[in-house]
Amino acid sequence: MTVEQFLPQGYDVKASSGSVTWQSPSNIALVKYWGKYGEQMPKNPSVSFTLNNCHTVTTLNYEPVENPFAKTTFEIFLDGNPAPEFREKIEGFFTRIEQYLPFIKNYKFSIETSNSFPHSSGIASSASGMSALALCLMTIEKGLQPDMADDFFKKKASFLARLGSGSASRSIGGPLIVWGTHAEIEGSSQLYGTPYPFEIHEVFKEYQDTILLVDKGEKQVSSTVGHGLMKNHAYAEARFTQANDNLEALKGIFKTGDLDAFIELVESEALTLHAMMMTSQPYFILMKPNTLEIINKIWEYRAQSGSKVSFTLDAGANVHVLYPKSEKENVLAFIAGELSQYCKDQEFIEDFAGKGAVQL
Ligand code: DP6
């Protein structure tokens, strides 16, 4: 599909007031999106597990107005309290999506949002938050265009979510979503996320992700600044090629369930992401000493026990511990006994690969 196909042709039905609620999850990339251009286009394709427990619930209340506003008008609340800290980001989002959802200027919105994970956990809420808001807006648009096909609804929700935050495009469905065009992945698009279309081995079903909260503070580098670091980066082109190759290699891994190959690829992706940050100008180290303690403990445990536990990282110090469901009991005992000491307040969040957003 092209950008133009997301421009609506006028609505048949009269606007009314109402309220819509969506629950949308966070996701964890296995092949990382790092580097963008134009209007939120990724420099390389990425693939992620959609999470199940880490999610945002957003209610969008809407009320039509007599005369359309010059710009979209809204109030925003987090856990029932006014949240002015989100205003700028949401305002930018509305400006970007206006042409794709021209009805939004004819409404007054109130956005009520809450996250299942603590706001201060260091878990980014942009993927779950932006996808939840995009889905709410799409439900209103579907009300105005009742014959909208379900497939189009999902694609456009992902398209809009992407304009809010790139990784949000991968939070509509699950359990594995690809975003960004890849030559060998039919249907993959720069514009929206699509379900991973090939065979997935049983072992990846409800793959576990326990998130170790090493550092709960504000992000040291915003993702927009982070992506910007890939411009003029000495290793950028090699990195983008590597991401494409890794996505291709995952095809065989997902099919056969080769966990040794999975571990090698996923850990390398995580460390490459951080290597990119360490070698950019300006440079950053987003891992903390405890991030490295945890990584070393995971390697030790794997060598001693033959476990298939592995890790991946976001653009921060927290560690996502990945493992098959069959190892849940053992790995959770290992985490509680040996890894939680490296977490702030010993805190970690148990999660697994889920099915995507749901309307409540
Ligand atoms: C390291 O989606 O947060 O988590 O598009 O600027 O909102 P923006 O960036 P964002 O970047 C996520 C980067 C990452 C890797 C990934 O999720 O693929």
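Any value given below was found using the heavy atoms of this structure, including those in side chains, with hydrogens, waters and symmetry copies removed. Every value quoted in this text rests on a predicted model; they were computed, and no experiment measured them. Atoms within each ligand, like the ligands themselves, are counted from 1 in listed order. Position 1 is the first residue of the sequence; numbering continues from there.
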Classify the ring geometry between Y192 and F6 as parallel (under 30°), tilted (30 to 60°) or perpendicular (over 60°).
-> perpendicular

With ring centroids as reference points, do Y196 and F254 lie under 6.0 angstrom apart?
-> yes

Apart from F77 itself, what residues make up its hydrophobic cluster, given side-chain heavy atom links below 4.5 Å?
-> none

N/O donor-acceptor pair under 3.5 Å between S116 side chain and H55 backbone | yes

Go through the structure and list residues passing ring-ring contact (aromatic ring centres under 6.0 Å, His included) with Y301, not counting sequence neighbours.
-> F334

Residues in salt bridge (charged side-chain N to carboxylate O under 4.0 Å, His left out) with D79, at least two apart?
-> none

Within the 4.0 Å heavy-atom sphere of ligand 1, strictly under, residues = A29, K32, Y33, W34, K36, Q40, S165, G166, S167, R170, S223, T224, H227, L273, D314, A315

